[in-house]
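To keep things clear, I will list the structure first and then write my remarks on it.
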Protein chains: 2
Amino acid sequence: MKLSVRGEYALRALLVLARDFQEDDSVVRIQEISRRQNIPKRFLEQILNDLKSAHLVESKRGVAGGYRLRRRPERIHLAEIVRHIEGPLAPVSCVSEKYYEKCSCPDEARCAIRSVMKETRDAIVTIMERVTLADLAERARKLEQSPAVALDFVI
Amino acid sequence: MKLSVRGEYALRALLVLARDFQEDDSVVRIQEISRRQNIPKRFLEQILNDLKSAHLVESKRGVAGGYRLRRRPERIHLAEIVRHIEGPLAPVSCVSEKYYEKCSCPDEARCAIRSVMKETRDAIVTIMERVTLADLAERARKLEQSPAVALDFVI
DNA sequence: CAAATCTCTACTAAGTCAATAGTTATTTTG
DNA sequence: CAAAATAACTATTGACTTAGTAGAGATTTG
């Protein structure tokens with residue numbers, strides 16, 4: 001049920017871009033993202049390239065180059081990011097909306113496990129589609145202000 | 001975010017054992033489970049053996065041998081099964097209760113992603129800890145009675 | 001004892017993960 | 001216009017995981 005490191009890095013990188021987002025076309029260098037989030041630079045390169053192909057970010061080459069969000073952070077929700085990097089949000093593909101696959105069970109329509117997995121899927125998707133990069137940036141801002149032990153109260 | 005095939009097979013096998021569960025010490029043969037759930041027999045063998053080491057099932061050898069649940073189906077919830085086969089239910093280990101691991105982010109206590117992942121974890125765990133094998137068996141029974149298109153109404 | 005069944009260990013082919021490396025292309029600066 | 005800085009692209013790799021398959025051994029029942 002776990003996200004890959006790749007997916008986690010993608011979220012953290014995009015969070016940096018969201019926090020630094022401006023309406024002009026300013027970009028953030030990979031090196032900067034790598035440093036602030038403690039992500040191996042060359043690996044991050046690949047991930048950002050991948051996010052570019054998903055039209056989530058755009059890049060600027062050359063000496064003053066870097067990456068920026070292609071849309072405003074309010075318009076990018078976590079579901080879209082995770083789906084592109086990891087594939088289905090659903091625990092089993094037979095309940096996935098975007099990546100449906102038939103499973104090997106004898107009667108999918110009457111599978112009790114499937115019905116529980118669908119509930120689970122819905123719970124996950126509800127959260128991931130509700131939270132945007134802007135929300136994440138806002139949460140980050142608030143967490144940085146509060147002195148400590150913050151997390152336990154947020155949840 | 002997906003369950004492995006192994007995990008899915010485990011759930012389906014245990015559902016069979018739950019449906020056939022009796023208070024006496026009657027067992028179900030691997031072959032029978034394999035046939036009813038369309039699971040490769042030799043692979044299922046391994047999985048059931050694994051579930052035995054988790055004290056979820058017990059086995060009887062010999063010609064009238066097979067497997068049975070070690071506890072009543074009401075007392076086995078899905079979380080326990082999935083945790084044993086797959087590991088953490090949480091999308092990232094830094095929010096896992098049972099399999100906690102520190103992540104590479106600069107400040108875990110103030111990580112905005114972590115706070116969303118914790119919500120997600122809680123949503124998943126709430127479902128998986130509430131639903132038992134007995135519930136699953138009951139759902140299966142009801143789904144078999146209803147004529148068709150049943151799944152969409154259950155959810 | 002024979003047959004059916006579980007047990008245990010080992011093996012494997014394919015795929016995925018998390019990088020690493022090398023080369024090419026582009027842009028800005030001097 | 002050339003050099004330097006930076007990103008883009010392509011390929012490779014080593015370790016690990018996944019989903020099985022295989023074979024020999026142990027146990028129980030008829």
Side-chain angles (χ1 to χ4, degrees), chain A residues 1-13 17 25-35 37-68 70 82 84-88 92-93 101 103-105, chain B residues 1-13 16-17 25-35 37-54 56-70 82 85-88 91-93 101 103-104:
Chain A
M1 305 282 294
K2 267 178 65 180
L3 225 57
S4 69
V5 173
R6 192 185 184 83
E8 204 189 310
Y9 286 171
L11 290 175
R12 278 162 49 192
L17 295 186
D25 55 355
S26 63
V27 295
V28 183
R29 277 176 302 164
I30 283 192
Q31 205 174 17
E32 163 94 2
I33 302 172
S34 164
R35 190 183 52 73
Q37 283 291 330
N38 203 21
I39 300 171
K41 192 189 147 193
R42 297 307 288 274
F43 191 24
L44 180 58
E45 215 172 282
Q46 271 187 19
I47 295 166
L48 285 170
N49 214 346
D50 188 8
L51 293 173
K52 187 181 170 183
S53 78
H55 303 298
L56 287 166
V57 301
E58 56 194 5
S59 62
K60 198 177 149 191
R61 284 190 162 191
V63 68
Y67 284 89
R68 67 191 311 275
R70 208 171 140 172
V82 175
H84 185 259
I85 300 284
E86 306 281 334
V92 292
S93 300
E101 274 175 51
C103 80
S104 69
C105 83
Chain B
M1 304 283 294
K2 268 178 62 179
L3 226 57
S4 68
V5 173
R6 192 185 183 85
E8 203 188 310
Y9 286 171
L11 289 175
R12 278 162 49 193
V16 170
L17 295 185
D25 55 355
S26 63
V27 294
V28 184
R29 277 174 303 161
I30 284 190
Q31 205 173 18
E32 164 93 3
I33 303 172
S34 162
R35 190 183 51 74
Q37 283 290 332
N38 202 20
I39 300 170
K41 194 190 146 193
R42 295 308 288 276
F43 192 24
L44 180 58
E45 220 171 276
Q46 274 187 16
I47 295 166
L48 285 169
N49 216 341
D50 188 8
L51 294 173
K52 189 181 171 185
S53 78
L56 286 166
V57 301
E58 56 195 5
S59 63
K60 197 177 151 189
R61 283 188 162 188
V63 68
Y67 283 89
R68 68 191 310 274
L69 296 181
R70 206 171 143 174
V82 175
I85 300 284
E86 307 280 334
V92 292
S93 300
E101 273 177 52
C103 80
S104 70

Are the side chains of B:Gln37 and B:Leu44 in contact, using a 4.5 Å heavy-atom criterion? no
Using whole Å, what does the distance between atom P of nucleotide D:dA24 and atom CD of B:Glu45 come to? 15 Å
Nearest heavy atom decides the nucleotide; on that basis, is B:Lys41 or A:Arg61 closer to the 5' end of DNA chain D? A:Arg61
Need one value for B:Ile30: base, sugar-phosphate or nothing, where a base atom within 4.0 Å counts as base even if backbone is also close, heavy atoms only. sugar-phosphate
To the nearest Å, give me how far apart CG (B:Asn38) and C1' (D:dG20) are. 15 Å
Measuring from atom CD1 of A:Ile47 to atom CD1 of A:Ile85, what distance do you get when rounded to the nearest 0.5 angstrom? 6.5 Å
Would the number of heavy atoms belonging to other residues, nucleotides or ligands and lying under 6.0 Å from CZ of A:Arg29 be above 12? no
Please report, rounded to the nearest Å, how far the C1' atom of D:dT18 is from the OH atom of B:Tyr9. 11 Å
Contact boundaries of DNA chain C with chain A (under 4.0 Å, heavy atoms), 5' to 3'? C:dA18 to C:dT28
Phosphate oxygens OP1/OP2 of D:dT6: is one of them under 4.0 Å from a side-chain N or O of A:Arg29? yes
Side chain to side chain donor-acceptor pair (under 3.5 Å) partners for B:Lys41, two or more places apart: none
Look only at the side chain of B:Arg68 and the backbone of B:Ser26, and say whether a donor-acceptor pair between them is shorter than 3.5 Å. yes
Looking at every strand, decide which applies to B:Lys52 at a 4.0 Å heavy-atom threshold: base, sugar-phosphate, or nothing. sugar-phosphate
For the pair made of CG in B:Asp50 and P in D:dT17, what is the distance, rounded to whole Å? 14 Å
Round to a whole Å and report the spacing from CD of A:Glu32 to P of D:dA5. 18 Å
When we call it a touch if two heavy atoms are under 4.0 Å apart, what does B:Gly65 touch: a base, just sugar-phosphate, or nothing? sugar-phosphate
Between A:Leu51 (CG) and D:dA7 (C1'), how many Å, whole number? 15 Å
Separation of atom CD in B:Gln46 from atom C1' in D:dT17, rounded to whole Å: 13 Å
Using the side-chain heavy atoms of B:Phe43, tell me which of these nucleotides is nearest: D:dA24, D:dA5, D:dG20. D:dG20
Measure from CZ on B:Arg42 to P on D:dT21 and round the result to the nearest Å. 10 Å
Does atom CD of A:Gln31 have more than 12 heavy-atom neighbours, drawn from other residues, nucleotides or ligands, at distances under 6.0 Å? no
Side chains of B:Pro88 and B:Glu101, heavy atoms from C-beta outward: is any pair under 4.5 Å? no
